[in-house]
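Predicted model only: the values in this text are computed from it and were never measured. Worth knowing before you read on, the calculation uses all heavy atoms, side chains too, and leaves out hydrogens, waters and symmetry mates. Below, chain A is the first sequence line, B the second, and so on; all start at residue 1.
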Amino acid sequence: MIGSSRYRTHTCVGAADAVGERVRLSGWVHRRRDHGGVTFIDVRDRSGVMQLVFHPEAAGAIEAAKGLHPEDVICVEGDMVPRDAATVNDRLPTGGVELRADRLEVLTSAAPMPFSVEDEGAEANEELRLTYRYVELRREARLRALELRGAVVRAIRAVLDDEGFLDVETPMLTRSTPEGARDFLVPARLQKGSWYALPQSPQLFKQLLMIGGLERYYQIVKCFRDEDLRADRQPEFTQVDIEASFVEQEDIQSLVERILVAAFAEGGVTLTAPFPRMTYADAIRRFGTDRPDLRFGLEIQDWSAQAAESGLGVFEGVVKGGGVVRGIVVPGAGAGMSRKDLDGLVAEAQQIGAKGLVWAVPGEDGALRSSVKADFLAGLPEAFGAAEGDLIAVVADRERDAQNVLGMLRGRLAERHGLIPDDAWEPLWVVGFPLVEWNEGEKRWDSTHHPFTSPRPEDVDRMESDPGAVIADAYDVVMNGLELGGGSIRINDPGVQQRALALIGMDADEADARFGFLLRALELGAPPHGGLALGLDRLVMLIARAASIRDVMAFPKTATGGDPLTGAPAPVDDAQLKELGVAVTAPPPAAG
RNA sequence: GGGGGUGUAGCUCAGUUUGGUUAGAGCACCGGACUGUCAAUCCGGAGGCCGCGGGUUCGAGCCCCGUCACUCCCGCCA
């Protein structure tokens with residue numbers, strides 16, 4: 001064990017094997033039980049907890065023990081002894097032994113805690129826990145999450161190192177690119193008026209490494225995106241970034257499968273490779289999302305043809321206008337839902353983006369409880385295979401919007417009605433993404449993945465004539481409805497790259513100004529290459545069965561991007577700004 | 001930018017339904033008792049800008065308006 005024996009000869013849990021020995025432990029006071037005569041202290045270090053017992057004979061030590069407070073840092077010495085049979089604690093890994101302490105040194109005394117370390121059942125509110133994150137990290141659950149994260153990283157590195165991948169660092173101060181997420185910017189003091197951007201991913205650098213002949217690169221690296229936060233999204237996060245030369249899609253996929261099998265094994269989850277594949281088109285059609293959760297059914301069904309003849313004005317109008325009428329069946333969900341619940345479901349659908357929602361619940365003898373007159377829905381339960389007590393939710397809209405709403409409702413309803421099995425793991429490759437998508441607001445084509453993604457070779461000829469039909473050599477890996485990572489085979493032909501940039505509205509001059517360095521590099525001998533990036537935080541969150549990405553990060557930020565511990569972000573001195581040539585136009589933040 | 005939830009002692013929460021005396025409990029804290037506990041127990045004490053601001057009212061923790069913080073979701077996140 002690393003560490004001077006001045007402080008300890010064993011860890012708290014390790015000492016359990018040292019019965020009969022003289023033992024010294026250091027750690028935090030977990031709990032104190034003072035019986036007037038005999039006094040017990042549970043001392044805790046990273047390994048866990050050991051019970052100390054102080055007897056009145058241990059003069060000096062017991063007086064000090066009676067004065068201890070939770071979280072005092074102490075060093076104790078004594079004899080490891082087995083406990084009497086009657087006092088064994090089966091709920092504690094070290095419950096068969098105890099340290100009969102006769103020397104106690106308080107290394108540091110602690111002020112009263114802002115919240116209890118030992119009572120993990122009482123979760124203090126998250127802002128307070130983040131303000132005192134270093135106290136919260138002492139809790140078992142936090143500690144184990146970080147240990148798991150470390151183990152997952154080690155497992156991933158082992159796979160990549162075995163395969164000859166080289167860990168190479170890329171710059172954090174780099175160039176802003178207009179596509180994708182909003183950049184975090186850093187002013188350049190030596191070139192006032194110019195800015196660095198923090199990387200959204202090392203995308204271009206890893207391609208340049210391939211052109212540089214590295215052949216196999218990986219990096220476990222921080223990335224930055226200035227967008228709104230979510231339970232599974234932080235402004236700075238970690239990617240497992242991978243790129244390889246002379247590879248095809250299947251090579252990357254099987255490598256990533258080996259990585260994920262090893263990573264999930266750290267959490268006791270056995271995954272079977274190869275993972276199933278599904279095309280983007282199928283994913284959207286069946287599940288209304290490009291990252292389907294396959295742990296449950298509730299597939300989207302089409303009722304457009306029948307709806308066109310239903311007699312219901314909304315349905316007929318939508319279908320005539322080129323839209324669709326589609327729905328999902330939630331087994332057993334309708335039986336317990338009141339009119340108020342069902343109205344709430346309609347409101348929820350509208351908040352998600354639906355214009356409306358028609359619900360129906362088949363009852364006894366073919367009766368139908370529904371939000372519109374049952375006559376309009378004749379044949380619907382039969383067509384959808386709905387049984388008595390099931391909930392049928394139907395949306396009529398443009399195809400894209402209907403699929404989107406139903407996709408979201410599908411997940412929410414499955415969750416709410418307990419249709420998601422515990423400890424189920426359903427990995428999936430989604431492939432065959434379109435190269436570009438039409439951006440109606442901006443009236444232009446946007447990259448689905450990013451502008452360096454290669455079209456399938458057989459589609460290159462159609463890039464100009466029918467851009468929307470071009471399929472990309474891109475692939476996402478999905479687990480339980482969460483996107484774990486995505487990648488692609490990259491363009492390695494400068495001409496095709498130029499055409500890809502032109503397709504998303506970048507003329508030759510602009511392309512040259514922004515990505516001239518890449519185009520030039522592609523002209524100087526670029527091997528075929530491709531790769532993928534995994535979201536490490538999300539991956540660990542899944543393996544840890546955590547509810548939030550924050551649970552597997554040591555120092556996460558709040559939903560408004562703040563760090564209650566350090567107070568970041570914060571205003572800076574005028575002198576600092578002047579030195580950088582930066583002026584602030586925003587009003588000063590209100591004092592807390 | 002939009003929708004929902006939360007905010008009362010250091011912490012976790014009750015009190016808000018139906019406005020009405022001095023706002024309670026457990027843990028933590030301070031003092032005391034206790035020789036085998038493991039959420040130790042028992043006795044006593046201290047601790048409150050009821051998030052903040054405004055309004056209604058004879059009277060507001062409770063009703064109304066605004067605002068802030070945290071949180072979940074939509075938008076956003078190549």
Classify the nucleic acid contact of A:P56 as base, sugar-phosphate or nothing, counting any heavy atom under 4.0 Å across all strands shown.
base
Looking only at heavy atoms, what is the nearest atom pair of A:D293 and A:N480, with distance?
OD2-O, 3.1 Å
Write down the distance separating the C1' atoms in B:C11 and B:G31, rounded off to the nearest Å.
22 Å
Measure the distance between the ring centre of A:F40 and the centre of the six-membered base ring of B:U37, then answer whether it is under 5.5 Å with planes under 30°.
yes
Among B:U37, B:C34, B:C29, which is the nearest nucleotide to the side chain of A:H69?
B:C29
Could you walk me through whether A:Q219 and A:T170 satisfy the side-chain hydrogen bond (donor to acceptor under 3.5 Å, both in side chains) test, starting with their C-alpha distance in whole Å, then the side-chain angles of each, then the deciding distance to 0.1 Å, before giving a yes or no?
CA-CA 9 Å; A:Q219 187 179 190; A:T170 52; 3.0 Å; yes
Grab the CG-C1' distance between A:L229 and B:C72 for me, whole Å please.
13 Å
Let's test your reading of the model: under 3.5 Å, does the base of B:U37 pair with the side chain of A:Q51 as donor and acceptor?
yes
A:F115 versus A:M113: any side-chain heavy-atom pair under 4.5 Å?
no
Is the shortest side-chain N/O distance from A:R31 to OP1 or OP2 of B:A40 below 4.0 Å?
yes
Pull out every residue in residues 407-415 of chain A that has a heavy atom closer than 4.0 Å to any atom of RNA chain B, ordered by number, or say none.
A:M408, A:R412
Whole-Å P distance, B:G10 and B:C29
15 Å
On a whole-Å scale, what distance lies between the P atoms belonging to B:C72 and B:C27?
31 Å
Phosphate OP1/OP2 of B:C70: any A:T558 side-chain N/O under 4.0 Å
yes
P atoms of B:C58 and B:G66, separation to the nearest Å
24 Å
A:R83 near the nucleic acid: base, sugar-phosphate alone, or nothing, with a heavy-atom cut-off under 4.0 Å?
base
Do the side chain of A:E98 and the base of B:G36 come within less than 3.5 angstrom through a donor-acceptor pair of N or O atoms?
yes
If you only use heavy atoms from C-beta on, which nucleotide in B:G1, B:A39, B:U12 is closest to the side chain of A:A124?
B:U12
ring-ring contact (aromatic ring centres under 6.0 Å, His included) filter on A:W445, not counting sequence neighbours, yields A:W438
What orientation do A:H450 and A:F452 show, parallel under 30°, tilted 30 to 60°, or perpendicular over 60°?
tilted
For A:L68 and B:C29, give me the distance from atom CG to atom P, rounded to whole Å.
11 Å
Is the phosphate of B:C70 approached by A:T560 (side-chain N or O, under 4.0 Å from OP1 or OP2)?
yes
Measuring from the side chain of A:P70 (C-beta onward, heavy atoms only), which nucleotide among B:A28, B:C34, B:A39 has the closest atom?
B:A28
Taking only the side-chain nitrogens and oxygens of A:R550, find out if one of them lies under 4.0 Å from OP1 or OP2 of B:C72.
yes
Note: A:E236-A:R225 ion pair, threshold 4.0 Å (strictly below):
no
Contact class for A:T87 vs. all strands (heavy atom < 4.0 Å): base, sugar-phosphate, or nothing?
base
Just N and O in the side chain of A:R33: are any of them under 4.0 Å from OP1 or OP2 of B:A40?
yes
Nearest whole angstrom, please: distance from the C1' of B:G3 to the CZ of A:R230.
12 Å
Please determine, for B:A9, whether a Watson-Crick or G-U wobble partner exists with both distances under 3.5 Å, and give it or none.
none
Length of the line joining A:D119:CG and B:A40:P, which is rounded to integer Å
10 Å
Name the residue closer to the 5' end of RNA chain B, choosing between A:G36 and A:I352 according to the nucleotide with the nearest heavy atom.
A:G36
Looking at B:C76, does its base get a donor-acceptor pair with the side chain of A:R233 below 3.5 Å?
yes
Looking only at non-hydrogen atoms, find the nearest pair between A:I491 and A:H529 and report the distance.
O-CE1, 4.1 Å
Taking B:A46 as the reference, what is the distance to B:A23 when you measure between their P atoms (whole Å, please)?
14 Å
Counting any heavy atom closer than 4.0 Å, what does A:Q351 reach on the DNA or RNA strands: base, sugar-phosphate only, or nothing?
base
Taking atom P in both B:C62 and B:G53, what distance in whole Å separates the two?
13 Å
From B:C11, B:G36, B:C74, pick the nucleotide closest to the side chain of A:L128?
B:C11
Please give me the minimum heavy-atom distance between A:G468 and A:P434, naming the atom from each residue.
O-CB, 4.4 Å
For A:T39, answer base if it contacts any base atom (sugar-phosphate contacts may also be present), sugar-phosphate if it contacts only those atoms, and nothing otherwise; contact means non-hydrogen atoms under 4.0 Å.
nothing
Nucleotide opposite B:G45 in a Watson-Crick or G-U pair, distances under 3.5 Å:
B:C29
Under 4.0 angstrom, heavy atoms only, what part of the nucleic acid is A:D34 near: base, sugar-phosphate, or nothing?
base
So, A:Y280 and A:D476: side-chain donor and acceptor under 3.5 Å apart, yes or no?
no
Taking NZ from A:K557 and P from B:C77, how many angstroms apart are they, rounded to a whole number?
21 Å
Apply side-chain hydrogen bond (donor to acceptor under 3.5 Å, both in side chains) to A:D34 and A:T39, showing your working.
CA-CA 4 Å; A:D34 181 352; A:T39 292; 3.1 Å; yes
Taken in chain and number order and not counting sequence neighbours, the residues that satisfy side-chain contact (heavy atoms from CB on, under 4.5 Å) with A:R398 are A:D401
What distance, rounded to whole Å, do you find between the two C1' atoms, one in B:C63 and one in B:A40?
46 Å
Which nucleotide, B:C38, B:C74, B:C77, lies nearest any side-chain atom of A:N89?
B:C38
Hey, is the side chain of A:D228 pairing donor to acceptor with the base of B:G75 inside 3.5 Å?
yes
Under the criteria of a ring-centre distance below 5.5 Å and an interplanar angle below 30°, is A:H35 stacked with the base of B:A40?
yes
Atom pair distance, as rounded to whole Å: CG in A:L52 and C1' in B:U37
13 Å
Distance in angstrom units between A:D232 CG and B:C76 P, rounded:
16 Å
Using the C1' atom on both, measure B:U12 against B:G54 and round to a whole Å.
31 Å
Length of the CZ-P vector between A:R100 and B:U37, whole Å
15 Å
